[in-house]
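Note sheet for the following structure.
Every value quoted in this text rests on a predicted model; they were computed, and no experiment measured them. Each chain gets a letter, A, B and so on, in the order its sequence line appears, and its residues count up from 1.
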Amino acid sequence: MALRAAEWHKLPTSLTELCINTTLRCGQSFRWRKSAEDEWSMALHGRILSLKQDAEALHYRAIHPSPVTKLPTPPPSNAPSVAAEDDDTLALITHYFNLEPNLGQLYEQWAASDANFKKRAPKFTGIRILRQDAWEALIGFICSSNNNISRISGMVHNLCLHYGPLVAHIDDIPYHDFPTPDALSGPDVEAHLMKLGFGYRAKYIAKTARMVSQEKGLKWLEQLSNPECPQFGVETQSAGELLEGGREGYRTAHEELLALHGVGSKVADCVCLFGLGWSEAVPVDTHVWQIAQRDYRFGKGKHSSLTAATYVAIGNLFRKLWGKEAGWAHSVLFTADLKAFSERVVAKTEIKEEEVVVKKEGDETVVENVVKKETVKRKRIKKEPEDDEHQILQIMKETTRRTRRRRS
DNA sequence: CCCCGCCCTGGAGC
DNA sequence: AGCTCCAGGGCGG
């Protein structure tokens with residue numbers, strides 16, 4: 001029997017209000033994959049969500065797992081079924097992509113209060129802070145320490161593949177949802193993740209999963225959410241006034257998260273921003289630290305290195321600059337600084353002035369041009385893998401190679 | 001409070 | 001080939 005493919009639906013929007021090509025690649029989520037040319041897919045809330053975008057609209061479709069027909073009659077078909085007419089996919093997209101705020105207006109506000117934002121943001125419009133599942137964000141960003149986006153994506157993919165529930169296939173490629181805390185609490189998880197190449201993060205994940213599933217409870221984590229911006233399906237409530245260090249609920253969430261293994265200030269802020277809806281959270285990593293030095297006069301005197309005090313000072317400055325959505329504005333600048341988007345950078349930071357150094361060697365005077373650090377760095381740009389099949393193969397290769405290495 | 005060495009891994013540059 | 005550095009850090013001394 002020929003199966004009807006799931007239908008595509010249309011959600012009108014402009015690329016300045018939402019740009020999935022930037023939003024899905026800027027390192028806030030690690031699970032989206034290219035399922036075809038200009039098409040992104042991911043398992044989310046028990047379905048495969050696929051997206052395409054053009055200048056007028058976001059196109060989406062949901063593939064639900066085929067209902068398990070217990071009837072012993074005809075040959076069972078594993079093919080995905082069509083979404084019900086009245087399913088909640090549109091509501092899910094609106095929630096997940098945080099589509100409520102007027103992004104053009106926000107960009108204007110941020111630009112008006114900061115010349116640097118005004119300078120760098122125009123080529124990075126349409127970036128939305130996703131409202132991701134808190135637990136998934138927590139584990140994803142535990143994986144992110146001392147790591148790069150492509151490897152983090154591979155690790156998260158492996159977590160889903162080995163511990164997450166299968167949702168359905170597209171072109172014979174399986175899509176798994178993110179594993180629950182229970183699923184990652186088994187006795188062999190750490191050793192297994194070690195074999196899968198997680199390195200020292202294997203222990204962090206195993207410990208954190210046990211703490212959340214057995215000690216604190218998933219409810220504990222989810223209740224750290226911004227009540228104005230809750231998990232999917234929960235009613236909203238007011239979240240109080242913005243203080244210098246952020247709202248009360250944000251401060252509490254940040255502090256509570258620090259009790260988990262592998263969660264420091266930066267990872268806690270990522271979870272707050274991307275998983276708990278606290279838009280004033282400002283994760284300060286090496287990129288943001290570099291931005292703070294280059295564009296906001298950090299790196300000298302009291303704040304000459306990225307200490308805990310400096311970390312807080314940067315967040316406070318950004319909150320003073322941009323207010324309640326400081327983390328959102330900061331993410332735009334962060335993205336503008338990512339290597340993967342380096343072809344879009346503004347004006348190449350001008351042609352960097354060469355420092356001319358005059359020094360004496362024996363009798364002669366030698367004049368040489370010293371290339372500045374920034375110029376040198378730009379040479380070390382690697383291209384992110386373009387097509388995703390390549391990326392998936394990469395992931396498989398990693399896995400088999402490691403297991404093979406073990407055997408020998 | 002700050003600083004340092006260490007932790008796993010893979011890719012890139014030299 | 002072999003080495004260094006770096007990639008969205010965290011932890012313990």
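- Here C:dG9 presents its P atom at 12 Å from CZ of A:Arg151, a figure rounded to the nearest Å.
- Side-chain contact between A:Pro283 and A:Phe334 is absent, with no heavy-atom pair separated by less than 4.5 Å.
- Nucleotides B:dC8 and C:dA7, compared at atom C1', are 13 Å apart to the nearest Å.
- At whole-Å resolution of the value, CZ in A:Phe141 and P in C:dA7 are 17 Å apart.
- The salt bridge (Lys or Arg N to Asp or Glu O under 4.0 Å) check on A:Glu39 picks up A:Arg61, with sequence neighbours excluded.
- The pair A:Asp295-A:Lys119 does not count as a salt bridge, with every side-chain nitrogen at least 4.0 angstrom from each carboxylate oxygen.
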Give every donor-acceptor pair under 3.5 Å between a side-chain atom in residues 321-328 of chain A and any protein atom, sequence neighbours left out.
{"unit_1": "A:Glu325", "atom_1": "OE1", "unit_2": "A:Ser279", "atom_2": "OG", "d": "3.0"}
{"unit_1": "A:Trp328", "atom_1": "NE1", "unit_2": "A:Ile127", "atom_2": "O", "d": "2.8"}

**Item:** Pairing annotation in dot-bracket form, given for DNA chain B with Watson-Crick or G-U pairs under 3.5 Å and | for cross-strand partners
**Value:** ..|||||.||||||
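- Partners of A:Tyr107 according to the side-chain hydrogen bond (donor to acceptor under 3.5 Å, both in side chains) rule, which considers only residues two or more places apart in sequence or in another chain, do not exist here.
- Among the protein residues, A:Cys143 comes within range of no part of the nucleic acid, since none of its heavy atoms lies under 4.0 Å from any strand.
- Between A:Tyr296 and A:Phe318, the distance separating the two ring centers is shorter than 6.0 angstrom.
- Applying the side-chain hydrogen bond (donor to acceptor under 3.5 Å, both in side chains) test to A:Glu17 and every residue at least two apart in sequence or in another chain returns A:Arg128.
- A:Glu280 meets the side-chain hydrogen bond (donor to acceptor under 3.5 Å, both in side chains) test with A:Arg247; sequence neighbours excluded.
- Between A:Asp285 atom CG and C:dA7 atom C1' the separation is 10 Å, expressed in whole Å.
- C:dG10 and B:dG11 are spaced 23 Å apart, taking the C1' atom of each and rounding to whole Å.
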What nitrogen or oxygen pairs link the protein and nucleotides 10-13 of chain C at under 3.5 Å?
{"unit_1": "C:dG10", "atom_1": "OP1", "unit_2": "A:Gly264", "atom_2": "N", "d": "2.9"}
{"unit_1": "C:dG10", "atom_1": "OP1", "unit_2": "A:Gly264", "atom_2": "O", "d": "3.4"}
{"unit_1": "C:dG10", "atom_1": "OP1", "unit_2": "A:Val267", "atom_2": "N", "d": "2.9"}
{"unit_1": "C:dC11", "atom_1": "OP1", "unit_2": "A:Gly262", "atom_2": "N", "d": "3.1"}

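- With both ends at atom P, the span from C:dT4 to B:dG5 equals 15 Å, rounded to whole Å.
- Remark: C1' of C:dC5 and CD of A:Gln290 are 13 Å apart, rounded to the nearest angstrom.
- The CD1 atom of A:Ile152 sits 13 Å away from the C1' atom of B:dG10 (whole-angstrom rounding).
- Residues from residues 302-334 of chain A lying near DNA chain B, meaning a heavy-atom separation below 4.0 Å, are A:Lys302, A:Ser305, A:Thr307, A:Ala309 in numerical order.
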Side-chain polar contacts of residues 256-267 of chain A - donor-acceptor pairs under 3.5 angstrom, sequence neighbours left out - could you list them?
{"unit_1": "A:Glu256", "atom_1": "OE1", "unit_2": "A:Trp220", "atom_2": "NE1", "d": "2.7"}
{"unit_1": "A:Ser265", "atom_1": "OG", "unit_2": "A:His254", "atom_2": "NE2", "d": "3.4"}

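- Rounded to whole Å, the distance from NZ on A:Lys207 to P on B:dC7 is 16 Å.
- One cannot find a donor-acceptor pair under 3.5 Å joining the base of B:dC7 and the side-chain atoms of A:Arg201.
- For the salt bridge (Lys or Arg N to Asp or Glu O under 4.0 Å) condition, no pair includes a residue of residues 199-224 of chain A, sequence neighbours left out.
- A straight line from NE2 of A:His287 to P of C:dG8 spans 4 Å, rounded to a whole angstrom.
- The CG atom of A:Asn147 sits 12 Å away from the P atom of C:dA7 (whole-angstrom rounding).
- For A:His59, there are no ring-ring contact (aromatic ring centres under 6.0 Å, His included) partners two or more places apart in sequence or in a different chain.
- For A:Thr307, the side-chain hydrogen bond (donor to acceptor under 3.5 Å, both in side chains) criterion is met by A:Thr310, not counting sequence neighbours.
- Atom C1' of C:dG13 sits at a distance of 14 Å from the matching atom of B:dC1, rounded to the whole Å.
- Using C1' as the reference atom, B:dC2 and C:dG8 are 23 Å apart when rounded to the nearest Å.
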